[in-house]
Amino acid sequence: MKKLAVRIYMGLIFLFLYAPIIVLIVFSFNKTKSRGQWAGFTLDWYAQLFKDRLITEALYYTVTIAILATVISTIVGTIAAIGIHYMRGFGKNLLLNINNIPVLNPDIVTGVALMTLFISAGMRLGFMTMLIAHVLFCIPYVILAVLPKLRQLNRHIAEAAMDLGATPSYALRKIILPEIRPGIISGALMAFTMSIDDFVISFFTAGNEVSNLSIVVYSMARRGVKPTINALSTLMFLAVVILLLIINKKSGEGEELLL
Amino acid sequence: MKRMRILAYPYSVWMAIFIVVPLILVFLYSFTEGDIRNLAQLKFSTRSYERVSEPIYLKVIVNSFILATLSTLFCLALGYPVAMIVARANPKVRSMLLMFLIVPMWMNFLLRTYAWMSILSPNGFLNRLLEFFGLPRLEIMPGKTAVLLGMIYNFLPFMILPIYTVLSKIDKQYLEAASDLGANKTRTFFKIILPLSIPGVVSGITMVFLPAVSTFVISGLLGGGKTPLIGDLIEQQFMWEGNWHFGSSLSIILMVMILISMAIMSRIDRDGKQDENGHAKA
């Protein structure tokens, strides 16, 4: 009896979580523009999707910014994390607290604050400002992923290497970096997903000429519903599921990465 | 190894420019009036804060707080049992359930909200379904109910996951000991499971309340401008009205609201831990 109740409850929760996704996918193959009626199968919306310049351009910007932001924030974040790790006392706490601000602050505040900075400094909103914004909110996640690995590091090994004649940079490359690699990788993955999924901060820092996929979806949804968004959602969802399956297969610690 | 410290210096400069200065600017704009493009000519003024206290805007702020609180409570009520069920499942089922809980979160936030638009809109899927079964139509979108639903949908996993993490770490021996000593299931839940899960509940509440109180996407798309939240006001001021002073005051108020609620939550967290110690002593 209790088992049945548990099953029904979980069933309802999963229905709640998946119903919108299923509806989107089903209606991406629907012949009419109407959202409620089924009028037959079509792939038209997918064809239109790839002809739509707004969407293909947005896709280009989304991916380019995500890759650039990931690379830059992973490098800068890792270097900064090593520096912060060897600091002590007040300075360390101060830096860590400031580093946490973009994580804890609501995105909308981070977004408008950056926008006021860029415009006050006379910068034109566009690709550059959006990239800076993405690097800004990605670095803290890299640092938060790398620091625990640095704490696990046996500090005597690097010291021993230097006693034996290694230069600090050699010790860094040959000893510290290989040891903290798992942290760097999970930080980079976090940065990439945060960047590709971001809407709010991009919305305020991208200006009128550049938009990512989220911004396009927002403006399209506001103006009225277009079935091409359904097609886009289906493709993006599939991409995510495939990526997820690959990550899960490749590493037994997939679950850890996702959480 | 002290020399490694210099590696943190470039990032310190970066943080000063892109984290500290922007927040100072927002603070500055919130307390001034005048041309935003000319920092030297700004004059001190509390006018934008006075404007916040006008009834229409106060109502928006109160509304945001109420909706965020309601959605947090619903997420807690719906999510806690889910976390418990997942934590108790055997390992194989457990990792499958977790995966199914996480997959929707990987779908773009905008698309998830958009999906609800197409279900709830007057001619949407839900109403067609209700019509098909001869049931009365539901006119909840645009409106508060739709916004609440969108919040619960988007943030429910943020409640489930931290609670699950804490519950799955509870030592099974505590539960065995409790039942050996004659406690029934209800008593075990209230005396052991619930107190030990408080840290998870606290971080779940924070993770739901924070995005819910500051959202403008959910209210913009599902509320259709009928139930503006504080986030919508901020968006309006910065993107359309160009009144940075008023927008900045609203941002500062939003930050203060969040800081206060986080302080309250960390207080509860600490009290919970003291309680735990109290039990151990008794």
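Chain naming here is simple, since letters A, B, ... match the order of the sequence lines and numbering starts at 1 in each.
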Which bit of [X] comes within less than 4.5 Å of chain A, counting heavy atoms only: side chain, backbone, both or neither?
X: B:E131; answer: neither
X: B:P104; answer: both
X: B:L25; answer: side chain
X: B:L126; answer: neither

* Mind checking whether B:F216 and A:F203 have parallel, tilted or perpendicular rings, split at 30° and 60°? -> tilted

* Fit a plane to each ring of B:Y153 and A:F16, take the angle between them on a 0 to 90° scale, and name the class: parallel (under 30°), tilted (30 to 60°) or perpendicular (over 60°). => perpendicular

Rounded to the nearest 0.5 Å, what separation is found between the [atom1] atom of [X] and the [atom2] atom of [Y]?
X: A:Y9; Y: B:L78; atom1: OH; atom2: CG; value: 4.5 Å
X: A:L17; Y: B:I160; atom1: CG; atom2: CD1; value: 6.5 Å
X: A:N105; Y: B:I258; atom1: CG; atom2: CD1; value: 7.0 Å

Assess whether atom [atom1] of [X] is packed by more than 12 heavy atoms of other residues, nucleotides or ligands within 6.0 Å.
X: A:F14; atom1: CZ; answer: yes
X: A:F192; atom1: CZ; answer: yes
X: A:M128; atom1: CE; answer: no
X: A:N208; atom1: CG; answer: no
X: B:F31; atom1: CZ; answer: yes

* After noting the C-alpha distance and the side-chain angles of B:L111 and A:I229, does the key distance pass the side chain to side chain contact (heavy atoms under 4.5 Å, CB included) rule? -> CA-CA 8 Å; B:L111 293 177; A:I229 310 185; 3.9 Å; yes

Close side-chain approach of [X] and [Y], heavy atoms under 4.5 Å:
X: B:M15; Y: A:I101; value: no
X: A:F27; Y: B:S118; value: no
X: B:V103; Y: A:Y18; value: yes
X: B:F238; Y: A:T116; value: yes
X: B:F18; Y: A:L117; value: yes
X: A:I176; Y: B:M4; value: yes
X: B:V26; Y: A:V109; value: no
X: B:F109; Y: A:V217; value: no

Selection from [options] maximising heavy-atom pairs under 4.5 Å formed with chain A:
options: B:T113, B:L101, B:V20; answer: B:L101
options: B:G79, B:P157, B:P81; answer: B:P81
options: B:L97, B:N127, B:I6; answer: B:L97
options: B:I252, B:V82, B:L23; answer: B:V82

[X] portion near chain B, given a 4.5 angstrom heavy-atom threshold:
X: A:P168; result: both
X: A:I79; result: both
X: A:T110; result: neither
X: A:M87; result: both
X: A:L24; result: side chain

* Which of A:I132, A:L114, A:D107 touches chain B most, by non-hydrogen pairs under 4.5 Å -> A:I132

* Asked: Looking at A:L12, A:D198, A:N99, which makes the most heavy-atom pairs under 4.5 Å with chain B?
  -> A:N99

* To do: Show your working on side chain to side chain contact (heavy atoms under 4.5 Å, CB included) between B:W244 and A:V112 and close with a plain yes or no.
  => CA-CA 9 Å; B:W244 287 13; A:V112 297; over 6 Å; no

* Structure fact -> Given the options A:I84, A:T78, A:I82, B:L7 meets side-chain contact (heavy atoms from CB on, under 4.5 Å) only with A:I82

* Tell me, with the steps shown, if A:L104 and B:M262 meet side chain to side chain contact (heavy atoms under 4.5 Å, CB included). => CA-CA 10 Å; A:L104 297 175; B:M262 278 169 77; 4.0 Å; yes

* To do: Using the side chain to side chain contact (heavy atoms under 4.5 Å, CB included) rule, take A:V23 and B:W116 through it: C-alpha gap first, then chi angles, then the decisive distance, then the call.
  => CA-CA 9 Å; A:V23 169; B:W116 278 106; over 6 Å; no

